[in-house]
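Inspection log for the structure reproduced underneath, given as structure tokens.
The first residue in the sequence is number 1, and the count goes up from there. All values below were derived from every heavy atom in this structure, side-chain atoms included, with hydrogens, water molecules and symmetry-related copies excluded.
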Amino acid sequence: MIDKLSWVTIYPELVLLIMGCFIALTDFGRTNARRSRSYGLTLGTLAVVVVLTAWQAWQASTLVGSTYYGFGDGSGSRSNGLVVMDAMGSWLKCFAALALMVGLVYGRPYAADRNMLRNGGELFTLSLFALLGMFVMISGNNFVMIYLGLELLTLSSYALVALRRDHPLSSEAAMKYFVLGAMASGFLLYGLSMMYGATGSLDINAVYASLSSHEGSPQVLVFGLVFVVAGLAFKIGAVPFHMWVPDVYQGAPTAVTLLIGSAPELAAFAIIIRLLVVGFQPLTFDWQQMLALLAIASLLVGNLAAIAQTNLKRMLAYSAIAQMGFMLLGLTAGIVNGDASNAWRAYSASMFYVITYVLTTLATFGIIMLLAREGFESEEIADLAGLNRRSPLYAGVMAIAMFSLAGIPPMVGFYAKLMVLQALINSGQMAYIVLAVFAVLISLVAAFYYLRVVKVMYFDEPSSTAAPAAIVAPRQVRVVLALNGALILILGIVPGGLMSLCMKAIINSLTTTS
């Protein structure tokens, strides 16, 4: 029997499911090129979801060490819930919904100008279903639920990448994404099936209990863990599972690139916490070594490859690979030699990092879409030449975003990197201190290609094709973009509030699942 309390756990998911279907039905047969009604309903739905998830986060934060919210048999038992409501998951849902709202505000004018909305409002309905998949991933307390959420997200993402039907590059990117994504999903599913075979359960907490009692063959468990980590690495674009990222970022319509490069990173972080930190905690030594290797490779390949790029979207793709590598560093330092005293600091640093990275990504791709116009995509770094002369505001926002990605104070990216480095150093282990030094040195290399963008905007002469008489954008885009840039700066100056929120959320989640 499912009780009333359990239904509260999935209210945001129900809202997304019902409204996604409703918007799809009401949009059918309409010929409005800008889809004003569907756009308004989508933003309204996301606003409701933001409020619901924020309320759930507040509710969950008051239940540290007490009642576990699970949607399953209604017993309130940890071992029977398919999904869980905790502070970490609820805040990640809230930020994911906010990121999607901002992405749609930026992306709607871009999509309308390219006739992506003339034949249907799939951009809005698929975005809602993708967000629903993220929510299921974030809340999943069961292998099947996590995988279902992952597939809902990825299938929606494939369709979004191919949304521009008349664009060969988008179709090619969608095909590459589909083929490689199917392979990665197979890796993850195979790994989870091996874990199920070794432990006899699909429930994450039951898997933890089984592993803690040393049930199952160690060889099977480690072999399954390798496949699980490989599947997760693909979803965040970590090296060597990064092959899809540059091609999809460049080939997809910029509005879609923003959607798949922002909010899904929050969901990916959540399932790493659910599967590795909670479910596979007894195998921490094994998966932390794997994550460390992925982080080192991602930082090296991402940053070095980004230097050679002239296409801005492709450069940001390699930047995303490197940024996810930095996030993984925090996850490697949570438990050291069986000591979990550094866990809350390390995992909250990674959570803070991924949230602020998504915030910065929204601003960078927002500027790219703002400068694009009919017949001109503004995707090359050279297309930003002389932007400061045309619009000091937009050049300033882009410069703030680049400084933040480079980790230059007082932007929020500096504090995010500092927290990850502190987590590594506080472990007290020489290996982690060496990792911190390596991260600092490779960040100095990365600063080159970020500062190159700033140099082009402020010092290079604009070309005739890249410099229209005026930059035209709807008022809501200009306002949201200005707020986006201001928030990157403000959170860098006063990061305590968001960092405290991340720490409390991680402590709450680790306590309620312990």
Side-chain angles (χ1 to χ4, degrees), residues 23 32-47 50 95-118 121-124 126-128 131 160 163-164 249 252-263 312-313 316 358-379 383-384 386-402 404-405 453 457 466-491:
I23 292 171
N32 185 350
R34 301 191 71 83
R35 302 288 161 178
S36 300
R37 182 175 179 177
S38 299
Y39 174 69
L41 286 172
T42 302
L43 290 190
T45 299
L46 292 174
V50 167
F95 293 136
L98 281 171
L100 183 57
M101 284 184 72
V102 174
L104 290 177
V105 169
Y106 292 159
R108 186 215 182 188
Y110 176 93
D113 291 343
R114 283 150 188 79
N115 294 323
M116 293 168 58
L117 305 178
R118 181 176 297 279
E122 293 93 344
L123 176 65
F124 306 121
L126 287 173
S127 296
L128 289 179
L131 184 64
L160 283 168
L163 200 56
R164 213 172 159 187
Y249 268 52
T254 307
V256 175
T257 303
L258 175 55
L259 297 182
I260 64 175
S262 54
L312 184 56
K313 288 171 66 176
L316 291 173
V358 169
L359 175 67
T360 309
T361 297
L362 292 170
T364 56
F365 283 100
I367 290 291
I368 294 174
M369 284 187 283
L370 182 70
L371 299 180
R373 59 189 187 277
E374 186 175 356
F376 182 73
E377 288 295 327
S378 187
E379 292 182 358
D383 295 335
L384 299 178
L387 179 59
N388 182 56
R389 302 180 189 179
R390 298 153 55 197
S391 175
L393 172 63
Y394 301 143
V397 171
M398 191 64 165
I400 287 173
M402 291 296 106
S404 182
L405 290 172
V453 175
M457 291 191 300
I471 300 175
V472 180
R475 175 178 295 180
Q476 61 179 343
V477 174
R478 298 196 303 269
V479 171
V480 173
L481 195 55
L483 291 174
N484 197 163
L487 199 56
I488 296 172
L489 178 58
I490 293 170
L491 286 176

Minimum heavy-atom separation for [X] to [Y], with atom names?
X	Y	value
Ala96	Ala263	O-CB, 3.8 Å
Arg164	Pro253	CB-CG, 3.9 Å
Thr360	Ser404	OG1-OG, 3.5 Å
Arg390	Asp383	NH1-O, 4.0 Å
Ser127	Leu104	OG-CD2, 4.0 Å

Starting at [atom1] of [X], measure out to [atom2] of [Y] and round the result to the nearest 0.5 Å.
X	Y	atom1	atom2	value
Leu384	Met457	CG	CE	6.5 Å
Leu128	Leu123	CG	CG	9.5 Å
Leu259	Thr361	CG	OG1	12.0 Å
Ile23	Glu122	CD1	CD	13.0 Å
Arg108	Asp113	CZ	CG	10.5 Å
Leu126	Leu160	CG	CG	4.5 Å

With side-chain contact (heavy atoms from CB on, under 4.5 Å) as the test, would you mind laying out the steps for Val102 and Leu258 before giving the verdict?
-> CA-CA 10 Å; Val102 174; Leu258 175 55; over 6 Å; no
Who are the side chain to side chain contact (heavy atoms under 4.5 Å, CB included) partners of Ile400, not counting sequence neighbours?
->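 Met411, Ile488.
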With sequence neighbours left out, write down each residue that passes side chain to side chain contact (heavy atoms under 4.5 Å, CB included) with Ala97, or none if nothing qualifies.
->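 Testing Ala97 for side chain to side chain contact (heavy atoms under 4.5 Å, CB included), a comparison that skips the adjacent residues, returns Val49, Val50, Leu131, Phe135.
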side-chain contact (heavy atoms from CB on, under 4.5 Å) between Val358 and Phe95, intermediate numbers included | CA-CA 9 Å; Val358 169; Phe95 293 136; over 6 Å; no
Ignoring hydrogens and geometry, is there a side-chain-to-backbone donor-acceptor pair from Thr257 to Tyr249 under 3.5 Å?
->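 Looks like yes, one N/O pair under 3.5 Å.
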Can any side-chain N or O of Arg114 pair as donor or acceptor with the backbone N or O of Tyr110 at less than 3.5 Å?
->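 The answer is yes, because a donor-acceptor pair under 3.5 Å joins these two groups.
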Which side-chain N or O atoms in residues 472-485 pair as donor and acceptor under 3.5 Å with protein atoms at least two apart or in another chain?
from, atom 1, to, atom 2, distance (Å)
Gln476, OE1, Tyr39, OH, 3.4
Gln476, NE2, Tyr39, OH, 3.3
Arg478, NH1, Ala473, O, 2.5
Asn484, OD1, Tyr106, OH, 3.1
Asn484, OD1, Ala363, N, 3.2
Asn484, ND2, Leu359, O, 3.2

Measure the shortest side-chain to side-chain distance between Phe365 and Leu316 over non-hydrogen atoms and say whether it is less than 4.5 angstrom.
->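 With C-beta onward as the side chain, the pair touches.
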